[in-house]
Amino acid sequence: METIKQKGTVFTEVNSKLDHVESMLMDFTNSKLVIMDKEYRLRDWMTLSDYCKKYNIKPSRLSNWIERGVVPAVSVIVIPELNGLKLIKDQEFMARSYKARADVGAAV
């Protein structure tokens, strides 16, 4: 019976620590970045490198998409105070196929 009581206290302690970690994570995920009086929730944004890893695309392709406007300008923010660090909105972007572009051009 004593071992059960001891395990109970260990579980209580572990649960307490997990609650604390969860609280810290919630504080972090609710963090906001303020640039020129505009607020951005950090959990909605990621670095270009992390984006490439998550969506399995090459950095050169992502740069190309940003330049061509496949990724809208409002979905990329540049932080001058962090040496021009770029963050991208955490959502999947996809370039249209050549056929889809040709179909749109033919309709115009």
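Nothing here was measured: the structure is a model prediction, and the numbers come from that model. Reckoned from all heavy atoms, side chains included, excluding hydrogens, waters and symmetry mates.
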Taken in chain and number order and not counting sequence neighbours, the residues that satisfy ring-ring contact (aromatic ring centres under 6.0 Å, His included) with Phe93 are none
Rounded to the nearest 0.5 angstrom, the CZ-CZ distance for Arg61 and Arg68 is 9.0 Å
On a heavy-atom basis, the closest approach of Cys52 and Pro59 is SG-CA, 3.6 Å
Side chains of residues 74-87: which donor-acceptor pairs under 3.5 Å do they make with residues two or more places apart or in other chains?
none

Rounded to the nearest 0.5 angstrom, the CD1-NZ distance for Ile88 and Lys54 is 11.0 Å
Legend entry - Salt-bridge contact Asp90-Arg43 (side-chain N to carboxylate O under 4.0 Å): no
Indicate yes or no: at least one non-hydrogen side-chain atom of Asp44 is less than 4.5 angstrom from one of Lys89. yes
Practice prompt. Please lay out, stage by stage, how Thr47 and Asp50 fare under the test side chain to side chain donor-acceptor pair (under 3.5 Å).
Written response: CA-CA 5 Å; Thr47 63; Asp50 288 339; 3.2 Å; yes
Interatomic distance, CD1@Ile35 vs OH@Tyr40, rounded to 0.5 Å, equals 5.5 Å
Between the NZ atom in Lys32 and the CZ atom in Arg41, the distance rounded to the nearest 0.5 Å is 7.5 Å
So ring pair (Phe, Tyr, Trp, His ring centres under 6.0 Å) across residues 54-87, not counting sequence neighbours, yields Tyr51-Tyr55
NZ of Lys58 to OG of Ser63, rounded to nearest 0.5 Å, is 13.0 Å
